[in-house]
Amino acid sequence: MGVAKKSKTHCIGILTAGGDCPGLNAAIRGVAKAAISAHDIKVIGVLDGFRGLIENRTVMLDNRSVSGILTQGGTILGTSRDKPQKMSMGGMVMDMTAAAAENARRLGIDCLVCLGGGGTQKNALHLHEHGGMNVITLPKTIDNDVYGTDVSFGFDTAMAIATEAIDRLHTTATSHNRLIVCEVMGHRAGWLALGAGVAGGADAILIPEIPYDLHLVAEHLLRRRREGKRFSIIVVAEAAHALVQPPASDGKADKRRNGKDSAPPPPAEAATPAPAINLVQESMASRLARELQQLTETEARVTSLGHVQRGGVPSATDRLLCTRLGVHASQLLGEGRYNVMVAMKDGVCRAVPLAEVAGKKKTVPLDHPWLCAARAVGTCFGDT
Ligand code: F6P
């Protein structure tokens with residue numbers, strides 16, 4: 001690839017911030033290779049997120065150092081959740097915005113490319129508005145909740161990992177005639193639970209966007225049993241929560257909830273005593289499993305997928321996305337277009353002003369096609 005025309009940017013810093021995810025290295029490679037080869041830009045890797053900029057911990061990146069990393073999980077630069085404006089320094093929390101900007105200036109950085117999720121969009125905008133730095137961001141997160149882009153990298157891989165786990169849970173749940181509650185990540189958004197739940201054929205999917213009624217979930221599982229199904233899989237997003245029932249002054253909350261005078265589900269004490277799920281502190285998923293076990297009189301187990309969802313090699317879809325977003329970022333750098341996030345909209349890379357994105361969250365719309373399709377095949381969301 002030859003140098004096209006004179007680049008408006010001569011030197012960039014690149015950092016990864018927030019929780020890691022598969023695809024960060026593919027994105028670093030995409031930005032760096034295209035910036036070096038097509039625009040003759042010098043590329044400095046900043047270590048451990050914004051902290052590395054403040055502590056002057058950087059490495060030079062060349063074609064050789066970003067070669068062979070496309071398929072690697074994690075981030076070769078390291079990451080942290082530190083914010084320039086609230087950085088813990090020697091036991092004190094300090095605003096290090098000016099120091100970050102000064103260090104970048106001394107390194108000759110014209111623009112800082114920040115790969116991160118919602119928090120990183122905010123922190124990058126802060127560096128621009130309060131430190132006078134040029135920034136460009138790329139949306140990464142397994143949560144898929146970055147506003148202004150159709151998709152964030154890392155999500156597709158995490159969804160595939162969670163889907164495979166749900167597939168595996170199906171076979172063991174069937175053998176044992178059990179309920180299995182599978183907790184997936186997603187921070188405050190339900191994308192991962194919804195995507196993996198639909199792809200994995202979960203019987204119930206509980207997401208924060210739809211507060212659930214425990215009794216409706218239990219009724220759904222009991223109906224399945226009456227239909228001869230030996231097991232049920234309940235996929236629950238880490239931030240899912242039960243509908244808060246208004247306190248009933250007349251003690252008739254269950255009747256009001258059902259909208260009729262039907263008998264409430266059997267009280268917990270009427271069911272076979274549930275074997276205790278032995279955890280030091282009961283997690284949300286464990287409590288849900290215990291409650292469903294009591295209400296359905298079916299043995300329940302919990303699987304929390306945790307950080308497994310963020311590990312390992314990126315999917316082909318994420319590798320493509322990262323490469324496209326990274327190369328687009330390098331084009332913007334060549335043109336000197338800064339303070340934008342490189343988004344994927346309708347299959348096309350677009351520069352979205354960072355000020356329109358930062359501080360907002362993309363949650364699952366209640367009319368999203370995945371949700372509608374799941375309802376149409378009988379998946380329970382705990383609301384009907
Ligand atoms: O934002 C990504 C994410 O994995 C969330 O889904 C989860 O809530 C959080 O990070 C976990 O953070 P940590 O890696 O700091 O435990």
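What you see below is based on every heavy atom in this structure, not just the backbone, and it leaves out hydrogens, waters and symmetry mates. We count residues from 1, following the sequence as given.
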Inset, instruction - Please report the C-alpha distance between S283 and S286 in whole Å, then the side-chain angles of each, then the deciding distance to 0.1 Å, and finally whether the side-chain hydrogen bond (donor to acceptor under 3.5 Å, both in side chains) criterion is met. - result: CA-CA 5 Å; S283 69; S286 299; 2.9 Å; yes
Which donor-acceptor pairs under 3.5 Å do the side chains of residues 372-384 make with protein atoms, sequence neighbours left out?
| from | atom 1 | to | atom 2 | distance (Å) |
| --- | --- | --- | --- | --- |
| R375 | NH1 | D383 | OD1 | 3.0 |
| R375 | NH1 | D383 | OD2 | 3.4 |
| R375 | NH2 | D383 | OD2 | 2.9 |
| T379 | OG1 | A374 | O | 3.1 |

Validation: residues 108-121 side-chain donor-acceptor distances under 3.5 Å, sequence neighbours left out:
| from | atom 1 | to | atom 2 | distance (Å) |
| --- | --- | --- | --- | --- |
| D110 | OD2 | H10 | N | 2.7 |
| D110 | OD2 | C11 | N | 3.0 |
| Q121 | OE1 | T137 | OG1 | 2.6 |
| Q121 | NE2 | G116 | O | 2.9 |
| Q121 | NE2 | G117 | O | 3.2 |

Using residues 73-80 as the side-chain source, report each donor-acceptor pair under 3.5 Å to any protein atom, sequence neighbours left out, with the distance given to one decimal.
| from | atom 1 | to | atom 2 | distance (Å) |
| --- | --- | --- | --- | --- |
| T75 | OG1 | T16 | OG1 | 3.0 |
| T75 | OG1 | L77 | N | 3.0 |
| T75 | OG1 | G78 | N | 3.4 |
| T79 | OG1 | T16 | O | 3.2 |
| T79 | OG1 | G18 | N | 3.2 |
| T79 | OG1 | G18 | O | 2.7 |
| S80 | OG | D48 | O | 2.9 |
| S80 | OG | D82 | N | 3.4 |
| S80 | OG | D82 | OD2 | 3.2 |

Show me the donor-acceptor pairs within less than 3.5 Å that the side chains of residues 349-358 make with the rest of the protein, sequence neighbours left out.
none

Could you give the side-chain donor-acceptor pairs of residues 180-187 under 3.5 Å, partners two or more places apart or in another chain?
| from | atom 1 | to | atom 2 | distance (Å) |
| --- | --- | --- | --- | --- |
| E183 | OE1 | S304 | OG | 2.8 |

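Counting only residues at least two apart or on different chains, no ring pair (Phe, Tyr, Trp, His ring centres under 6.0 Å) pair has a member in residues 303-331. Sorted by first then second residue, the ring pair (Phe, Tyr, Trp, His ring centres under 6.0 Å) pairs that include residues 337-368, not counting sequence neighbours, are W191-H368, H368-W370. The ring pair (Phe, Tyr, Trp, His ring centres under 6.0 Å) pairs that include a residue from residues 107-128 are H126-H130, where partners are two or more places apart or lie in different chains.
Residue M60 qualifies as enclosed at atom CE: its count of foreign heavy atoms under 6.0 Å is above 12. Atom NZ of K362 sits in a crowded spot, with more than 12 heavy atoms from other residues, nucleotides or ligands closer than 6.0 Å.
Partners of N25 according to the side-chain hydrogen bond (donor to acceptor under 3.5 Å, both in side chains) rule, which considers only residues two or more places apart in sequence or in another chain, do not exist here. Every side-chain hydrogen bond (donor to acceptor under 3.5 Å, both in side chains) that E102 has, sequence neighbours left out, goes to R105. Contacts of Y147 classified as ring pair (Phe, Tyr, Trp, His ring centres under 6.0 Å), with partners at least two apart in sequence or in another chain: none. Take H220 and apply the ring pair (Phe, Tyr, Trp, His ring centres under 6.0 Å) test, not counting sequence neighbours, and it matches no residue.
With 3.5 Å as the limit, one finds a donor-acceptor pair spanning the side chains of R225 and T298.
Ionic pairing of R290 and E282 is present here: one or more N-O contacts between side-chain nitrogen and carboxylate oxygen are shorter than 4.0 angstrom.
Figure legend: cation-pi geometry between R324 and F153 absent, as NZ or CZ is not positioned both under 6.0 Å from the six-membered ring centre and within 45° of its axis.
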